[in-house]
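To start, the structure itself, in structure tokens.
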There are 4 protein chains.
Amino acid sequence: MASVTRAAEPSGTGGSGRRHHGNRHGRSEEARLAILEAADDLLVEKGFAGVTMEGVAARAGVAKQTIYRWWNTKTDVLMDTFLQDATEDLTPLDSGDVALDLRDYLRRLACFLGESAPGAVFKALIAQAQHDQGFAQVFRSRCLDAQRRRDRLPLERAVDRGQLPADLDMAAETDQLVGPLYYRVLVTGEPIGPEFTDGLVDAFLRRHGLTTPPRP
Amino acid sequence: MASVTRAAEPSGTGGSGRRHHGNRHGRSEEARLAILEAADDLLVEKGFAGVTMEGVAARAGVAKQTIYRWWNTKTDVLMDTFLQDATEDLTPLDSGDVALDLRDYLRRLACFLGESAPGAVFKALIAQAQHDQGFAQVFRSRCLDAQRRRDRLPLERAVDRGQLPADLDMAAETDQLVGPLYYRVLVTGEPIGPEFTDGLVDAFLRRHGLTTPPRP
Amino acid sequence: MASVTRAAEPSGTGGSGRRHHGNRHGRSEEARLAILEAADDLLVEKGFAGVTMEGVAARAGVAKQTIYRWWNTKTDVLMDTFLQDATEDLTPLDSGDVALDLRDYLRRLACFLGESAPGAVFKALIAQAQHDQGFAQVFRSRCLDAQRRRDRLPLERAVDRGQLPADLDMAAETDQLVGPLYYRVLVTGEPIGPEFTDGLVDAFLRRHGLTTPPRP
Amino acid sequence: MASVTRAAEPSGTGGSGRRHHGNRHGRSEEARLAILEAADDLLVEKGFAGVTMEGVAARAGVAKQTIYRWWNTKTDVLMDTFLQDATEDLTPLDSGDVALDLRDYLRRLACFLGESAPGAVFKALIAQAQHDQGFAQVFRSRCLDAQRRRDRLPLERAVDRGQLPADLDMAAETDQLVGPLYYRVLVTGEPIGPEFTDGLVDAFLRRHGLTTPPRP
DNA sequence: GGATAATCGAGACGGTACGTCTTGTCTTCGC
DNA sequence: GCGAAGACAAGACGTACCGTCTCGATTATCC
């Protein structure tokens, strides 16, 4: 449905310096990047409603058809925009201590969702997923699954270390850790400070009979 | 901004029989209801994108201007649609036992969000709130605040009864109870069964040193 | 069809100081005048398209219904506007000399059509008559016939005096005198000076074997 | 302002067979013709008020935007409609005799203005010119000037032949010939028969001392 | 003097058309 | 064959007026 992978680069070029304007040998990397950047800029500048295929094409200096050739809807473009930028580091820490790992991770996740530019794109995509079942599915497999895997990582490592029981209901525990966070971001709009995320971690520890280590 | 209250009924009529087609002394109740119903129907039948001012007007047998006279956007209409219907019973049970109350409430909330028609409107409104800061504010004060008050009610009653400590961080606890639920509905899209909501209640009880009563 | 005569004034008041807001026995003269004046002003300020029932009502401080009670269309209002103002003196001179009479009359007619405010209304009404056969009929009987009678007057007087033959084709002669004038005003838009109107008179005189008297 | 010339045809095709649906290298001739025809039909069927951009688009099977891309107003469309059809033959006869030429020409002009379909469009355009100064200017340069040149032609030829003096005031004479005709059509609405147009010619001849030849 | 009846201002109503905007498809041409 | 350019059909947007209606207040006249 959506364009998942970019066209294969001409073999041997190493994907490096070649600048082609689109010809029989594949799509124009130049155009692709210009489109993603234009979409991103428009979202930041004018909000979701300000992102239109027409506007993106104009700002990217690209024909509309070039967008439609590779994406179906503006949300598909935004999703690629997100994937392009989402190197935004959310890889969980691995300190050897669940408490520390979780505190660190949740803080960064809160910051990502609530304040960063990619976070804004992310929220826009979640919003779109409410309106469009088909998009929701693609979005989940392309963006959310990776995210959920990251969310689970600290817990999995703790299980491996023996800090947590092996029969832990991983899905439910993860939902309880990150769910309240998304809830605040998406629903109530309340700001999220460390005291909130730390509170979530403490509750988690208490539930599992772990003592709360001193806060940094 | 949005039309908050319907026009005052002529005193003493009990809101019953008066039929006026709109004049200086008030708007047409007939038109108002037709519009809300049309919007609701369209959302259910054709999804959010299928709700257009033009379509609502046509189906309601109403002039577009009549909609614009009282609402600014289609989401404002949907919000009133929601408020009209949201008698959908979510008033928490008061059995005298926090555990029972919470289990009952979360199950019904899950059902409301995930399966009911008003729940679909609710999700659409939350989605719109991601895109429009102004709408978000109105939506929160007109819809969410009441909801949050309901969410908190079981806990407040338990505090009153002495089942829970008086210094409970009400906001944080509520977020931990309902947050994962919203997260599943809005983000992951996973279905929510009683085992999930009951698990949330159990975790809550365990956190606060309460024993888990037998499940019904 | 159109409102031809104003409502009879209450007898004895002499149309002077009475201020009534309209009751069962007569309409409000105040409102009638405000409407006519508003329509006139709007035509001058914003052109024909700027004259709307809504706009007239607003500027006159009058309810739309009050206009519709007495007139059918905005052109009906404009016609009454015209009749109200058209005291603009076009009564032909009677000097005893056809040549002098005609010269004077055509000059003033040209000025009326081309430059005066009532002339602008007149042109607007003629324009509307092209689009609406029904209006054309009313317009002719209410405005044009009187005008045509005035046009003919100098010739009729000359016939009475014996200056012109009794079997003169009055209609055709009048058309040849004023026709070119209307043509310039309505069609070509060329400015009309005395040399043009005087030329028309000279041609007329020559056609009928009359000598051209010295120009003033 | 208004669309003056149609898009250049690809050279050498003779305007014949090429069918393009509109692209960067020119507009769709198909759409252009459909629009003009639809406008014409609507004017004839429902009168000037029945010609709406919406209606023209619908009947032509064309998007409104396609009309707005090439014309500003419905009267601009009607003007092109007129120019398209105005091959309606009004080219003056050249018999070698002014009297015959003029009689023939005025009769045909009367018929054109009073009875033909293009004549109806012409009157509608003149009406619009009363309301809109800008349109008046365009209309005159695009339609009227050509017409005036035709009007003058019989006289010019007579001057060339020596039948009329070389110092004839061409403009004034033309106005006196056709002015009464337009006056009847536009203002009084009286029907125009040959006796009227022939009378105009006779008057012209008499003014210039020419004998009236026998009528055909 | 109280009832009646028409006018008045106000403005909501169902509509139609406006002119603009965006979508997604298409055709043509240059590279 | 890709990409730029841009015309096209479709249709929603929000606005402006249309002509009708209902309301409550305001009078003159009549009983």
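Keep in mind it's a predicted model, so treat the numbers as computed, not measured.
Between F/dA9 and D/T66, a contact under 4.0 Å exists linking OP1 or OP2 to a side-chain N or O. For F/dG3, the OP1/OP2 oxygens have a side-chain nitrogen or oxygen of A/W70 closer than 4.0 Å.
F/dG3 atom C1' lies 10 Å from atom CD1 of A/I35, rounded to whole Å. Rounded to whole Å, the distance from CZ on A/R69 to P on F/dA4 is 8 Å. Rounded to a whole Å, the CZ atom of A/F48 is 14 Å from the P atom of E/dT22. Atom CZ of D/R59 is separated from atom C1' of F/dA9 by 19 Å (rounded to the nearest Å). The interatomic distance linking C/I67 (CD1) with F/dT20 (P) rounds to 13 Å, in whole Å. Counting to the nearest Å, the P atom of F/dC2 and the CZ atom of A/R32 are 17 Å from each other. If you take CG of A/D76 and P of E/dG24, they are 10 Å apart, rounded to a whole angstrom. Counting to the nearest Å, the P atom of E/dT22 and the CH2 atom of A/W71 are 20 Å from each other.
A donor-acceptor pair is defined here as one N or O able to donate and one able to accept, closer than 3.5 Å; no such pair exists between the side chain of A/K64 and the backbone of A/M53. In terms of modelled atom types and a separation under 3.5 Å, the side chain of B/K74 and the main chain of B/V51 share a donor-acceptor contact. Put simply, the side chain of B/T81 gets close to the backbone of B/V77: a donor and an acceptor are under 3.5 Å apart.
A cation-pi arrangement is absent between B/R32 and B/W70, since the terminal nitrogen or guanidinium carbon is not both under 6.0 Å from the aromatic centre and inside a 45° cone about the axis.
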Under 3.5 Å, which protein N or O atoms sit close to an N or O of nucleotides 15-18 of chain F? Give each pair with its distance.
from	atom 1	to	atom 2	distance (Å)
F/dC18	OP1	C/M53	N	3.1
F/dC18	OP2	C/M53	N	2.9
F/dC18	OP2	C/E54	N	2.9

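Judged by closest nucleotide on DNA chain E, C/A31 is the one of B/A60 and C/A31 placed further toward the 5' end.
Put simply, the residue from A/L36, A/D40, A/T75 that forms a side chain to side chain contact (heavy atoms under 4.5 Å, CB included) with A/D80 is A/L36.
Taking a cutoff of 4.0 Å between a charged side-chain nitrogen and a carboxylate oxygen, B/R59 and B/E45 qualify as a salt bridge.
Ring-plane geometry between B/H131 and A/H131 is classed as tilted, the angle between the planes lying from 30 to 60 degrees on a 0 to 90 degree scale.
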